[in-house]
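All chains are named by letter (A, B, ...) in the order of the sequence lines, taking the proteins before the strands, and each is independently numbered beginning at 1.
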Amino acid sequence: MEIANIIMFINKTISKTLAEELCWNVLPNDFDVKFLPSQTDSILDDINPFSLSRIHSFMSPYKSGHILLLVYEPEHSFLPISPPDGCFLSLRMQDEHSQYPVEIINSDTLGIDSSLLLRLYNLVVNKSSTVHSLIDDFLNS
Amino acid sequence: MTWEIFGRIADVLGVISFFVSLGIFQRIYAKAEMQKATYIKERKELFSHLKALQQNIWDDGLNTPQLQDALQTKMFEYQIKYFFISSPRCIFHAFRCSYLLKKGINHLNAPKIREDINYLLARLSKKE
C-alpha cells in the first residue's frame, strides 16, 4: 500500500473508532487469525523472538471481514510486559475467503510516524467493549 | 608548630580532594555517555509514545487515569534516563510536567502540561 493510503486508513480507523462505528473486542481464543505468508504466530527474530498475545490484541468486524490490531510480546522478557511498551504492533485486515491477510502497517513500517499506531492502540484499549466480549464468550460457552 | 601541622594536613586533604573530584567527574562522564547511547537507541520510541499520548488526551478526548498514568510514567522515564544529558530547560519542563500530573489534568494546568510535552517532543525530535 502507498504511504498516503496507509495514513488515510489509520486516520479513518481512528475517526471511526471515536465515532463508535467500529466495535473493537479482545481477540477471542477461537478466532482464526490468518498469518502473513512468511509468518506463524510468532515473529522470528534470532535475538528477540516475539509471540502473539491474544489477550492484548483486538479485532473489529467490518462488512465481510475483520480489522485486527495484533500485539506481539517478547518471548524472553524478565519484566512484566505492559503493552504497547516493548511490543510489536500490527494492523491487518482479513476476510473468510482470502488465504492471507493484508498488513496495513506495523511498528517497523518505514516512512510513517509510529505514533499513529500507538495512538490507535491506546484508543482501542479505552473504547473496546469488554462487557460485550463477556457476553459473546458466555453465549459461546 | 601547630599552624605548620594544620597547613600540612590542609595540603594533604587538598590533594585527596583533587583525586576524589577526578573520580566523581569520571563517573558523571561515564554516566552521561551511557545516557547518550540510550538516548540514541530509544529516542524515537519515547518520542512516538509521548506524541501518541498527547494526541489521545487532547485530540481524542481520552483524559482517563490510565492515560494520565502512562504520560506520567513517560515523564519519569525521561527524567531517569536522560537527566545527565538534559539542559536545565529540559529538566525544568520534565519535572514541572510530572509535578502537575500528580494532581491530574484539569483546565487550570492543561496549558502548562501541553507546553512541557511540546518542549520535550521538540527536544526528542533532535538527533544526537
Side-chain angles (χ1 to χ4, degrees), chain A residues 6-7 10-22 24 26 45 47-48 50 55-56 58 60 69 71-74 77 79-91 105-130, chain B residues 35 37-82 93-94 97-98 101 104-105 110 113-127:
Chain A
I6 293 174
I7 293 173
I10 296 190
N11 285 330
K12 275 219 156 168
T13 310
I14 289 171
S15 59
K16 282 182 183 288
T17 305
L18 281 169
E20 296 183 357
E21 291 171 24
L22 289 175
W24 291 95
V26 173
D45 180 322
I47 301 168
N48 288 318
F50 285 72
I55 56 168
H56 292 125
F58 294 88
S60 170
L69 185 53
V71 173
Y72 288 83
E73 292 179 339
S77 174
L79 301 168
I81 299 293
S82 173
D85 293 338
C87 297
F88 181 86
L89 303 179
S90 176
L91 181 65
I105 183 175
N106 63 43
S107 299
D108 288 343
T109 302
L110 295 173
I112 295 182
D113 189 356
S114 55
S115 68
L116 280 173
L117 197 51
L118 291 167
R119 178 184 172 189
L120 176 62
Y121 183 81
N122 290 336
L123 188 57
V124 166
V125 165
N126 272 275
K127 292 280 185 183
S128 69
S129 171
T130 52
Chain B
Q35 288 192 354
T38 308
Y39 179 84
I40 291 168
K41 200 172 122 193
E42 297 177 5
R43 175 188 66 88
K44 267 187 172 181
E45 199 182 323
L46 185 55
F47 175 88
S48 299
H49 279 279
L50 214 48
K51 191 171 172 190
L53 287 167
Q54 182 194 45
Q55 288 171 329
N56 283 133
I57 292 172
W58 276 287
D59 297 345
D60 302 335
L62 295 180
N63 196 2
T64 61
Q66 292 83 7
L67 283 179
Q68 290 186 30
D69 284 347
L71 184 57
Q72 194 178 40
T73 304
K74 289 298 167 192
M75 282 298 145
F76 288 145
E77 194 179 316
Y78 182 91
Q79 289 165 25
I80 292 167
K81 283 186 175 180
Y82 310 127
H93 283 292
C97 190
S98 57
L101 284 169
I105 300 175
I113 292 174
R114 289 192 76 159
E115 185 191 337
D116 293 335
I117 295 173
N118 289 338
Y119 186 83
L120 290 174
L121 283 172
R123 172 66 180 94
L124 286 166
S125 64
K126 179 188 164 197
K127 292 181 191 177

Checking heavy-atom separations under 4.5 Å from chain A, one finds in residues 47-58 of chain B B/S48, B/H49, B/K51, B/A52, B/L53, B/Q55, B/N56

Sorted by chain and residue number, the salt bridge (charged side-chain N to carboxylate O under 4.0 Å, His left out) partners of A/K16 (sequence neighbours excluded) come out as A/E21

Okay, A/I14 and chain B: the region with an atom under 4.5 Å from a heavy atom over there is side chain

Okay, A/L18 and chain B: the region with an atom under 4.5 Å from a heavy atom over there is side chain

Residues 64-80 of chain B vs chain A, non-hydrogen distance cutoff under 4.5 Å, contacting residues -> B/T64, B/L67, B/K74

Residues at least two apart in sequence or cross-chain that pass side-chain hydrogen bond (donor to acceptor under 3.5 Å, both in side chains) with A/T109, listed by chain then number, are A/N106

CG of B/L62 to CG of A/N126, rounded to nearest 0.5 Å, is 5.0 Å

Comparing A/D113, A/D85, A/L116 against chain B, the one with the most heavy-atom pairs below 4.5 Å turns out to be A/D85

